[in-house]
Amino acid sequence: MQRLPRSEQEKAWRAQALQVGEEALRAGKVGVILVAGGQSSRLQYEAPKGFFPVGPVTERSLFQYHAEKILAMEKKYGVVLPWYIMTNIYSIEETRRFFEEHGYFGKDPASVHLFAQRMLPAVDDDGKILLETKYAPAMAPDGHGGLLNALKSHNLLRDMRLRGIEYLFYFQVDNPLVKICDPMFIGCHILEMADVSAKTVKKSHPDEKLGNIGVLDGAYTVIEYTELLEEDKRRTDDNGDLLFDQGSIGIHVFNRAFLEAVVSGESRLPFHISHKAVKCVNERGEIAKPSAPNAYKFEQFIFDVFPQTLNICVVEVERWQEFSPIKNKTGPDSPETARRDLRNYFGAMLEGAGYSVPRDDNGNVTWNLEISPLVALGAQDLGERLPADFTPYDGLVLEA
Ligand code: UTP
């Protein structure tokens, strides 16, 4: 487990990892997997979550923001980054149209692969299959762990192999702060000769809804927040620090060869049960989406593959720089907090480039700001791109 670097030695290790990751990127060994097949039941957003207008000023969609980051990395490293996007059967055509209507956000369409995951029936409190219409069962996607089954059934690992991809950067659609293809992270994965890597942040409180990183039978594993016992959530070590203080943020690197071995093997990921709101026919025969959970869905979690390897690399990162998911309609992890965190991120980029930006007593940037990843991914790039007489202002949008 690599905690946030404090000593010079730890910083030097990350600097070395950065170089190694950059070499892998330049050599075309990296592909990108986005899991976007969820149903956004907590957000109660009808369209696929990738359409969500996250940009604080322009309302640029999550998909656009992610695509621009990938394009920026392609430009920086002179490569094509094949992008594999998992949707579900309900959302795949709508998602394809969205990409087409937006010209694939500038990305070569031949390098964007949409595929649908498997769907499973959802059941009610009595275990009876819910109906989506009077004549069809209510189906729900089989979890982000359904990725393995989908990669296999769509023969995508072969496609990746033929393209020379060795490392797959994996992320979730709902986190606008994700550093896609972060070379430092890829480099740590390579230097540690890991099969799988995971990024973590320090949990903000014991009940935070994040998968918990722990060690089980000598190997790192993730215990979903719904499955960690109450007493374990609060358990502390000798220093009084939380024992399970690291939350997994759904950002991984996988070796392609490792995934190939897993999907061709006998073992299967277990199913977990989640209680969610699913659209279905009620007793009066009307189709309705309830506001409260009404259904049990069967989901596989991608991190359940961790115990199949002993080589896992865990890298702690700064939350404000890398993680602000959109899960709920309001409150924590909502569009409001994600936009606040994006403004803070863009503000910090400007500050890092030598400009001053107003902040309130909580340290939050008070200006509305937005910087396209195609302009800059970090403060250093930004400083180099801006003209000498540039002055930032409230409502600033920087587009390529
Ligand atoms: P979440 O577990 O947050 O689920 O997904 P969700 O479906 O987006 O939202 P809720 O729980 O219904 O409110 C984390 C990531 O995993 C993807 C999601 O799209 C998101 O990027 N995911 C989830 C899938 O790709 N397929 C699934 O079956 C479930």
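Numbering of residues begins at 1 and proceeds along the displayed sequence. Small disclaimer: the values here were computed from a predicted structure and weren't measured. Counting convention: from 1, in listed order, for ligands and their atoms alike.
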Atoms in ligand 1 flagged as close to [X], the criterion being non-hydrogen separation under 4.0 Å:
| X | answer |
| --- | --- |
| Lys49 | 8 (O) |
| Gln117 | 24 (C), 25 (O), 26 (N), 27 (C), 28 (O) |
| Met86 | 25 (O) |
| Ala36 | 19 (O), 25 (O) |
| Gly143 | 26 (N), 27 (C), 28 (O), 29 (C) |

- Message: Please list the nearest protein heavy atom to atom 6 (P) of ligand 1 with its residue and the distance rounded to 0.1 Å.
- Response: Ser40 N, 3.9 Å
- Item | For atom 15 (C) of ligand 1, closest protein heavy-atom neighbour | Gln172 CD, 3.5 Å
- What is the ring orientation for Trp83 with Phe171, classed by angle as parallel under 30°, tilted 30 to 60°, or perpendicular over 60°?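 Correct class here is parallel.
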Does the side chain of [X] come under 3.5 Å of the side chain of [Y] through a donor N or O and an acceptor N or O?
| X | Y | value |
| --- | --- | --- |
| Glu23 | Tyr77 | no |
| His272 | Asp304 | yes |
| Thr330 | Glu336 | no |
| Asn212 | Lys233 | no |

If you draw a 6.0 Å radius around [atom1] in [X], do more than 12 non-hydrogen atoms from other residues or ligands fall strictly inside?
| X | atom1 | result |
| --- | --- | --- |
| Asp361 | CG | no |
| Lys329 | NZ | no |
| Gln380 | CD | no |

- Task: State whether Phe244 and Lys203 meet the cation-pi test: NZ (Lys) or CZ (Arg) under 6.0 Å from the six-membered ring centroid, and within 45° of the perpendicular axis.
- Result: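 No, a cation-pi geometry is absent between Lys203 and Phe244.
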- Query: Would you say Asn88's side chain and Pro141's backbone share a donor-acceptor pair under 3.5 angstrom?
  - Reply: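 Such a contact is absent between Asn88 side chain and Pro141 backbone.
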- Min over Ser91, Gly38, Gly50, Ala277 of heavy-atom distance to atom 23 (C) of ligand 1 lands on Gly38
- Nitrogen or oxygen atoms of Val35 and ligand 1 under 3.5 Å apart: yes
- Message: Are any of the N/O atoms on Arg42, whether in the backbone or the side chain, positioned under 3.5 angstrom from an N/O atom of ligand 1?
- Response: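 It does: an N or O of Arg42 is found under 3.5 Å from an N or O of ligand 1.
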Side chain, backbone, both or neither: [X] near ligand 1, heavy atoms under 4.0 Å:
| X | result |
| --- | --- |
| Ser41 | both |
| Lys276 | side chain |
| His144 | both |
| Pro141 | both |

- Gly146 touching ligand 1 at heavy-atom level, < 4.0 angstrom: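 Judged by the 4.0 Å heavy-atom criterion, Gly146 does not count as contacting ligand 1.
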